[in-house]
Protein chains: 2
Amino acid sequence: MDESDTDTKKAARESGDTAPGQSAADDTQNGLLENASAKRRSGGVNARMRDVAKRAGVSTMTVSRALSDPDRVSAEMRERVITAVKEIGYLPNHLARSLSSTRSTTIGLIVPSVDNFIYTQTVKGLSEVIRRSGFQLMVAECGHDEDEEEEVIKTFLGHRVGGLILYNTEHTEEARAMIRASDVPVVESGNLPRRPLDMAVSYSNSEAAKAMTLYLGRLGYKKIAFACLDTRNNDRSRDRREGYLEALKQLGQTPDPRLIIDTARGMAAGAEAVAHAVEAVPEVDALFCGGGLLAAGAFFECQKRGWNMPGRIALASFDDIEMLHHLSPTVTTLRLPRYDIGVRAAQMLISRILDRADHLKGSVVDLKFEIIQREST
Amino acid sequence: MDESDTDTKKAARESGDTAPGQSAADDTQNGLLENASAKRRSGGVNARMRDVAKRAGVSTMTVSRALSDPDRVSAEMRERVITAVKEIGYLPNHLARSLSSTRSTTIGLIVPSVDNFIYTQTVKGLSEVIRRSGFQLMVAECGHDEDEEEEVIKTFLGHRVGGLILYNTEHTEEARAMIRASDVPVVESGNLPRRPLDMAVSYSNSEAAKAMTLYLGRLGYKKIAFACLDTRNNDRSRDRREGYLEALKQLGQTPDPRLIIDTARGMAAGAEAVAHAVEAVPEVDALFCGGGLLAAGAFFECQKRGWNMPGRIALASFDDIEMLHHLSPTVTTLRLPRYDIGVRAAQMLISRILDRADHLKGSVVDLKFEIIQREST
DNA sequence: AGAATATTTGGTATCGCTAACATAATAGCG
DNA sequence: CGCTATTATGTTAGCGATACCAAATATTCT
């Protein structure tokens, strides 16, 4: 009874001209098949659509439709299928679904690092929207290495992701070519790209740095130091430095190379930055830190030295991390729309995938930033 | 010439009894196929193994073997295949690979939240090992909600992940059943489970809390408050509280419910905890915070009140976040092996998948913790 | 009412790859 | 030198789903 319909079909097809030998072979195979699937089917988790179909007494196509496009089957069928699915504990196989339909619900995300709060807020936004939309997130790190990014892109395209999110706007030529050829929608973030691959959602690092520097200048600070993160493999850092310089120009201040302090990440680096700045230019009266932890480290160093902020030195930070407004004095920061960037990026990407929203192609969304003015300036 | 081999095969199979009409139909289909794939094939990224095979003049099986088990083909073949792959820019389709082989290189990770440093350090460890081993990470959030976790598990099993990592040790019965039925290896983390699903890698929350409390007690503190995170949906928090109580018992101190302060997350909550503690029990002489940000918030509150640490009150924290050893006084903390947990968990999971290391089944690895003694106690 | 159209359901051939078996070519052995 | 191991490649039949088209049934309209 189990395989009856399949058998009759086969018989119908074979009637008339099949050699007996071949028929025997077919039967054997059928037997093997049944054994194998019976073993696997023990847990309903591994059941196939066919098992559901058999149980509901319908074809696999009806099951397929009932599950992925319920309106295309009658209410009664839908009911029967859903019941069978529940009874068996069937879980649709997404691999087969994607392979067969050439549509994928997996989105690939590539970030420099998964344990840096700079990125994780964006990841949070992405994650929430993606999951709510029935998609899944595949994540990988690429450091600040374009070649590594290329490798990951290759892997993700191999997985036939439905879309890509790159927290980076500089890519190898090879990576660009692959993405173009694959025709997979992409959102870049982390900066506003001059030459977007496809779509982009970000704030402008240069504008933000410029705005903060201008703000400091307008408050009357004359010797504004800038603690700058590594610019070698990081266009974000480079753009921040550009913004800083641009602002100085607008303020009519001549940039002093000794006031641009190259620093590592972390609080210790922030403390060092203070030391370097004051050693090189004793009359420095403001320090703009290119990162939140940097600013926190600088803060404690200043405090240790007994300096008033902003009396002796004003302090401003690029990122608005929680700590900075619990310190005393509270620290002036740039609030960046990190979470919103994630949300928006995911929404745009999913529109492209689901609604073929091709008009979004090429859009570069600037989500701006905000200066949070506090006591330290 | 293009489709010659396929054509001959088909001809051979059809010889003798196929109706002309059907043959014609076949031809049409072939033609359509060719058109479609020619279109798709424009970018090598979407090429199929067949295209590579044709170019190298070998069968697809040889290509398959050359790529996934190079030692099983001759050096010359390997060479030819690799060359063809490069010329075309072919990327193997992982979906098809997994479907066909019923092996998957995707690992599913479920964490309560992707933007909490508590988890991200572990994710970092996982991510590095997973990628180095040629696997991919699929990530989703589940909050502190078991039902949500169950949903995500369902999705991931649908994607036929090769393994699961759950940052949580409490699951719905349904979730346990599905995992058991699916026979997918699992690592639980975040706590040492009494009843592991499969494998587990963690430290013990109760032991850690107990150790810190004992440490404080032995230093002579008599009124040790504990700032406790939400225990309703969080066995980690519950275990920490248990550890605290256990230690008090061992110290011969009677627990005072007013010294167990239920708090939310974040620095603001830490500040409130200080206020609550001192209001309820003015003679409180130590505060043990169940989280790093909590401790930081408490620190600033004490500072604001002009309290000496540990003169007026000793402060200790459950997590060793960077900030806490940049403050003055530096804060005593529990250092937890979060990164190592990720590394170890990934290694074990991958051993299970790749080497069928079944002896690992059931292992619960305790990676311990360390008390970092600093000035605040 | 009867043809025409719309709606539901089913059959078959893929999607791109690998497992399993079959075969050809090479090597090893007494 | 013939015959069995071994190695290297090819053939076939799926993996579990959906696309596409055909068939059957229900609905609408003149």
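When reading the values below, keep in mind they use all heavy atoms of this one structure, side chains included, and skip hydrogens, waters and symmetry mates. Throughout, protein chains are lettered first and strands after them, A, B, ... in sequence-line order, and every chain is numbered starting at 1.
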Under 4.0 Å between a side-chain N or O of [X] and OP1 or OP2 of [N]?
X	N	value
B/Ser59	D/dG10	yes
A/Thr62	C/dT8	no
B/Ser74	D/dT7	no

Review point. Are the charged groups of A/Arg176 and A/Glu149 less than 4.0 angstrom apart, N to O?
Key: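 No, no charged N to carboxylate O under 4.0 Å.
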Would you call B/Arg352-B/Asp198 a salt bridge at under 4.0 Å N-O?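 Looking at B/Arg352 and B/Asp198, the cut-off is met.
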In this structure, how many angstroms lie between the [atom2] atom of [N] and the [atom1] atom of [X], rounded?
X	N	atom1	atom2	answer
B/Arg72	C/dT26	CZ	P	19 Å
B/Glu76	D/dT9	CD	P	8 Å
A/Met77	C/dT9	CE	C1'	7 Å
A/Leu99	D/dT18	CG	P	11 Å
A/Asp69	D/dT18	CG	P	10 Å
A/Met61	D/dG16	CE	C1'	13 Å
B/Arg160	D/dG16	CZ	P	8 Å
A/His94	D/dT18	NE2	P	10 Å

message: Taking the minimum atom-to-atom distance to the side chain of B/Asn93, which one of C/dG16, D/dA19, C/dT18 wins?
response: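 Among the listed nucleotides, the one closest to the side chain of B/Asn93 is C/dG16.
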Discussion item. Of the listed nucleotides (C/dT18, D/dT18, D/dC15), which one gets closest to any side-chain atom of A/Met49?
Written reply: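 Among the listed nucleotides, the one closest to the side chain of A/Met49 is D/dT18.
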Checklist entry - Mapping A/Arg65 and A/Tyr90 to their closest nucleotides on DNA chain D, which lands nearer the 5' end? => result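 That would be A/Tyr90.
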Pairing donors with acceptors under 3.5 angstrom, does anything connect the side chains of [X] and [Y]?
X	Y	value
A/Gln136	A/Thr105	yes
A/Asn168	A/Glu188	no
A/His171	A/Glu150	no

**Report entry** Which residue lies more 5' along DNA chain C, comparing B/Thr60 with A/Val73 via nearest heavy atoms
**Finding:**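 Closest to the 5' end, via its nearest nucleotide, is A/Val73.
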message = Classify B/Ser98 by what it touches in the nucleic acid, base, sugar-phosphate, or nothing, heavy-atom distance under 4.0 Å.
response =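 No contact.
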